[in-house]
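First the structure, in the form of structure tokens, and then the observations on it.
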Amino acid sequence: MKDADKILKGKKFIRKEIEKRLDAETSLEVWMLAHKKLEDMLNKYDGLPGGVQAHTHGFIFPAAAIYLALKGKAPEQAFDIMQYTMKEKSSKFGKSLARMTYIPGFKKFFLSMWDSMSHKMFGEKAGFQNIFYDCPKGEFRMDITQCPYNKYLTEVGCPELTKLFCENDVYSYGNLPGLKFTRTKTIGTGDDCCDFKMELIH
């Protein structure tokens, strides 16, 4: 199991924003508190299946730990810092994907991989419940009806972060030339499911 140090090293982009907005002493206090909160979460949820851990240890718990630490030390800025940094990170990823769409054949490859990737990364072994739809060629659709992001963020006391992870998809996939990403509802905003549609456009 990855320890809190290794996990938080991967979240330096959030730490840098904290250090921009808060004084040095408060920034250090936030990071130390986040480390303690993350350790507590890792201990509490020790033994989760590997597929679930890919989400909890990689994204859910570190984001929750940092956010809850910020709420304790700088409550007025906590949500905004998380929203800003997550948007920036996802937008950078989206821009790099957008550049790749100009590679011949990439758009069709990207769309085709969603079926196998979603079953692995967003299937039952990863803590999700889904409905996968039979689609015409050039289209992928699924609904997520149960989500570990909503489950664990609610359990650790910050369900409001769920919608930020939902928004990450929009920033990552919402501006890809030749591909259209559609979402009309999310569990994180109180709906019954997260719908996900990706299709080739001409």
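Side chains included, hydrogens not; waters and symmetry mates left out as well; all remaining heavy atoms used.
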Checklist entry - Are any side-chain N or O atoms of Lys107 and backbone N or O atoms of Thr101, one a donor and one an acceptor, separated by less than 3.5 Å? => result yes

Checklist entry - Would you call the rings of Phe140 and Phe196 parallel, tilted or perpendicular if under 30° counts as parallel and over 60° as perpendicular? => result perpendicular

Checklist entry - Trp31 versus Leu8: any side-chain heavy-atom pair under 4.5 Å? => result yes

Item to check | Distance in Å, Lys36 NZ paired with Met41 CE, rounded so as to fall on 0.5 Å steps | outcome: 10.5 Å

Checklist outcome for this item: Between Ala69 and Ala34 the two heavy atoms that sit nearest each other are CB-N, 3.6 Å

Checklist entry - Taking all non-hydrogen atoms of both residues, which atom of Ala126 and which atom of Pro148 are closest, and how far apart? => result O-CG, 3.6 Å

Checklist entry - Nearest heavy-atom pair of Leu176 and Ala98: which atoms, and what distance? => result CD2-N, 3.6 Å

Next on the checklist: If you apply the rule side-chain contact (heavy atoms from CB on, under 4.5 Å), what do you find for Asp3 with Lys6, and how did you get there?
Outcome noted: CA-CA 6 Å; Asp3 63 22; Lys6 286 183 179 178; 3.4 Å; yes

Checklist entry - Between Glu88 and Phe13, is any pair of side-chain heavy atoms under 4.5 Å apart? => result no

Next on the checklist: With a 4.5 Å cut-off on side-chain heavy atoms, are Met198 and Glu139 touching?
Outcome noted: no

Next on the checklist: Does this structure show an ion pair linking Lys185 with Asp192, if we count only N-O contacts that are shorter than 4.0 Å?
Outcome noted: yes

Checklist entry - Under the criterion ring-ring contact (aromatic ring centres under 6.0 Å, His included), which of Phe165, Tyr152, Phe122, Tyr45 is the partner of His55? => result Phe122

Next on the checklist: Tell me if the CE atom of Met32 is crowded by more than 12 foreign heavy atoms within 6.0 Å.
Outcome noted: no

Next on the checklist: Does this structure show an ion pair linking Lys151 with Glu155, if we count only N-O contacts that are shorter than 4.0 Å?
Outcome noted: yes

Checklist entry - With distance as the sole test, does Arg183 use its side chain to make a donor-acceptor pair with the main-chain N or O of Asp169 at under 3.5 Å? => result no

Checklist entry - Does a side-chain heavy-atom distance below 4.5 Å link Thr186 with Thr162? => result no

Checklist entry - Are any side-chain N or O atoms of Asp143 and backbone N or O atoms of Thr145, one a donor and one an acceptor, separated by less than 3.5 Å? => result no

Next on the checklist: With side-chain contact (heavy atoms from CB on, under 4.5 Å) as the criterion, how do Leu97 and Phe106 come out once you've worked through the C-alpha distance, each side chain's angles and the decisive distance to 0.1 Å?
Outcome noted: CA-CA 10 Å; Leu97 267 183; Phe106 177 81; 3.9 Å; yes

Next on the checklist: Other residues, nucleotides and ligands only: do more than 12 of their heavy atoms fall within 6.0 Å of OH on Tyr133?
Outcome noted: yes

Next on the checklist: Would you compute the distance between atom SG of Cys135 and atom CE of Met142 and round it to the nearest 0.5 angstrom?
Outcome noted: 11.0 Å

Next on the checklist: Is there a continuous path of hydrophobic side-chain contacts, each under 4.5 Å between heavy atoms, that joins Ile81 to Leu33?
Outcome noted: no

Next on the checklist: Strictly distance-based, threshold 3.5 Å: is any side-chain N or O of Glu199 a donor or acceptor partner for the main-chain N or O of Lys180?
Outcome noted: no

Next on the checklist: Hydrophobic cluster membership, with links at side-chain heavy-atom distances under 4.5 Å among I/L/V/M/F/W/Y: are Met100 and Ile201 in one?
Outcome noted: no

Checklist entry - Got a donor-acceptor contact below 3.5 angstrom from the Ser90 side chain to the Lys87 backbone? => result no

Checklist entry - Checking Asn130 side chain against Phe132 main chain: does a donor-acceptor pair fall under 3.5 Å? => result no

Checklist entry - Atom CD1 of Ile14 and atom CG of Leu70: how far apart are they, to the nearest 0.5 Å? => result 8.5 Å

Next on the checklist: Would you call the rings of Trp114 and Phe110 parallel, tilted or perpendicular, taking 30° and 60° as the class edges?
Outcome noted: perpendicular

Checklist entry - About how many Å separate CD of Glu17 and OG of Ser27, when rounded to the nearest 0.5 Å? => result 10.5 Å

Checklist entry - Are Phe59 and Phe79 connected in a single hydrophobic cluster, I mean Ile/Leu/Val/Met/Phe/Trp/Tyr linked by side-chain heavy atoms less than 4.5 Å apart? => result yes

Checklist entry - Going by an N to O cut-off under 4.0 Å, is there a salt bridge joining Glu160 and Lys71? => result yes

Item to check | same_hphob_cluster(Tyr171, Met86) at 4.5 Å side-chain heavy-atom cutoff | outcome: no

Checklist entry - Could you state the interatomic distance from CD (Glu29) to NZ (Lys73), rounded to the nearest 0.5 Å? => result 4.5 Å

Next on the checklist: Applying side-chain contact (heavy atoms from CB on, under 4.5 Å) to Ile60 and Val156, what does each step give before you reach the verdict?
Outcome noted: CA-CA 10 Å; Ile60 298 169; Val156 300; 5.8 Å; no

Item to check | Hydrophobic cluster membership, Phe128 vs Ile131, 4.5 Å side-chain cutoff | outcome: no

Next on the checklist: Show, in sequence, the C-alpha distance, side-chain angles and deciding distance for Arg99 and Ser96, and conclude whether the side-chain contact (heavy atoms from CB on, under 4.5 Å) test is met.
Outcome noted: CA-CA 5 Å; Arg99 288 192 293 271; Ser96 68; 3.6 Å; yes

Next on the checklist: Would you compute the distance between atom CG of Leu42 and atom NE2 of His57 and round it to the nearest 0.5 angstrom?
Outcome noted: 5.0 Å

Checklist entry - Shortest non-hydrogen contact from Gln53 to Leu48? => result NE2-O, 2.9 Å

Item to check | Over 12 non-hydrogen atoms of neighbours within 6.0 angstrom of CG in Asp191 | outcome: yes

Item to check | For Lys125 against Pro49, the heavy-atom pair lying closest together | outcome: O-CB, 4.5 Å

Item to check | Lys/Arg-Asp/Glu bridge criterion (N-O < 4.0 Å) met for Glu19, Arg15 | outcome: yes

